[in-house]
Each structure stands twice: as C-alpha cells, then as structure tokens.
Q: 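My structure is below; once you've seen it, I'll send some questions.
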Amino acid sequence: MQYWLFKSEPDAYGIDRLEREGKTEWSGVRNFQARNNMVAMKAGDLGFFYHSSTKPPGIVGICKVLREAYPDFTQFDPKSDYYDPTSNPERPKWKMVDVGFVEKFPAIITLEELRKRPELEGMTLLSRGRLSVQPVEERYWNAILQTAR
DNA sequence: GCCAACGTTGGC
DNA sequence: GCCAACGTTGGC
C-alpha cells in the first residue's frame, strides 16, 4: 500500500466534481516521472487530492486508485488537447489510472501551512513543486492526516 | 501577469 | 551524450 498526491486545477477538475461523479479517469498526464508514478500505483492505494493554481493552493481531500495504469486514450485523439502524434497504439506512451472519491476535508490544508511544518521538510510537494503526480511517504501522509480532520 | 524552477527537445 | 534553448507549471 502506497500513498500518492494528485494535483489538479479546480477549474479543470476539482474535488467537488470528483465527489459528485464518484470516480474519474486521470488522463492528460504528459510528464514521464508523473506517468511512471501512475504505473507504480496499485488498486486500493490512497492519494491526497491537491488543488493547484488557485488561491490558496493546498490539499483538499483523499482519493483512491480504482484501476491500475492503462493507455490514456486522449493521446490518440487529434481533437484532444493531449493528443500526442509521436505515440502509437502498438506502444502507447502515456498511461492513466482511474481514481475514486474517498473524502473531502472540512477545510483546505494550504501549501503555506504545509511549508510551516518542520516535520514535513523534505516532502516532494515542497521541493518539487511542478510534479503533478507524486509519491507521499507514510510519515508525511500520517502527519498531514492528523490535522486534516 | 510575472518569473523561477525545471522538464523536454534538438543541434552538435 | 551534452547542453543551450525553449516551453510549461504553478506560486506569488
């Protein structure tokens, strides 16, 4: 069982929409490290849901991996923003997972709050701000969960 | 809207 | 295989 963190801009796809729909396909990831992280996911793994590019950015809830990595169909769709002409169906370059809603926190845990906590020093979120799908070590997961509810 | 950080591309 | 140029992300 591993823990993860998924970033999304709430305007594009927020926690409220995930709550309403119950689950979604995590398509459109076009970064190799983020893709590799998704490939490493197991069904049942939990992840923080993070709102980026919004005021304030921060962790807003928890989601769960429902289906392990499979080809992201948007890479083959010329009409999609995520179309990738360098990929082909024989050897799909990009993958996605399905994630389900687990819970929404009563309040956002802002990035600013996270940065203030000494026990979170070294967390990927704080040092590698641009990685959109990332692993979360268990000690960080537990520390954050304690203040979440 | 700016810009720092950093990932990717492409020339050599 | 290096690295400069370029593009994108995302906090502020």
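What's counted below: heavy atoms across the whole structure, side chains too, no hydrogens, waters or symmetry copies. Note on naming: letters A, B, ... go to the chains in the order of the sequence lines (proteins, then strands), and numbering restarts at 1 for each one.
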Q: Hey, would you say the A:F32 and A:W94 ring centroids sit under 6.0 Å apart?
A: yes
Q: Nearest-Å distance, CG (A:N31) to P (C:dT8)?
A: 13 Å
Q: B:dG7, OP1 or OP2 - any side-chain N/O from A:R128 closer than 4.0 Å?
A: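 It does, given that an N or O in the side chain of A:R128 lies less than 4.0 Å from OP1 or OP2 of B:dG7.
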Q: Can you confirm whether the side chains of A:T147 and A:R117 place a donor and an acceptor under 3.5 Å from each other?
A: yes
Q: With A:F6, which residues qualify under ring-ring contact (aromatic ring centres under 6.0 Å, His included), at least two apart?
A: A:W26
Q: Mark yes when over 12 heavy atoms from residues, nucleotides or ligands other than A:K93 sit less than 6.0 Å from its NZ; otherwise mark no.
A: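 Yes, enclosed.
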Q: In whole Å, I'd like the distance from the NZ atom of A:K93 to the C1' atom of B:dT9.
A: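 Value for this atom pair: 11 Å.
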Q: Round to a whole Å and report the spacing from CG of A:D11 to C1' of C:dT9.
A: 15 Å
Q: Not counting sequence neighbours, which residues clear ring-ring contact (aromatic ring centres under 6.0 Å, His included) with A:Y13? List them please.
A: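 Once residues adjacent in sequence are excluded, A:Y13 has no partner under the ring-ring contact (aromatic ring centres under 6.0 Å, His included) criterion.
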Q: Could you tell me how far apart A:L126 (CG) and B:dA5 (C1') are, to the nearest whole angstrom?
A: 15 Å
Q: When the distance from CG of A:D81 to C1' of C:dT8 is rounded to whole Å, what number comes out?
A: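 Rounded to whole Å, this separation is 14 Å.
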Q: Say whether A:Q134 and A:T124, considering side chains only, have a donor N or O and an acceptor N or O under 3.5 Å apart.
A: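 No, no side-chain donor-acceptor pair sits under 3.5 Å.
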Q: Could you list the protein-to-nucleotides 10-12 of chain C atom pairs, N/O on both sides, closer than 3.5 Å?
A:
unit_1 : atom_1 : unit_2 : atom_2 : d
C:dG10 : OP1    : A:K7   : NZ     : 3.4
C:dG10 : OP1    : A:R130 : O      : 3.2
C:dG11 : OP1    : A:Y50  : OH     : 2.7
C:dG11 : OP2    : A:S53  : N      : 3.0

Q: When all nucleic acid strands are considered with a 4.0 Å heavy-atom cut-off, which category describes A:S127: base, sugar-phosphate, or nothing?
A: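 Sugar-phosphate only.
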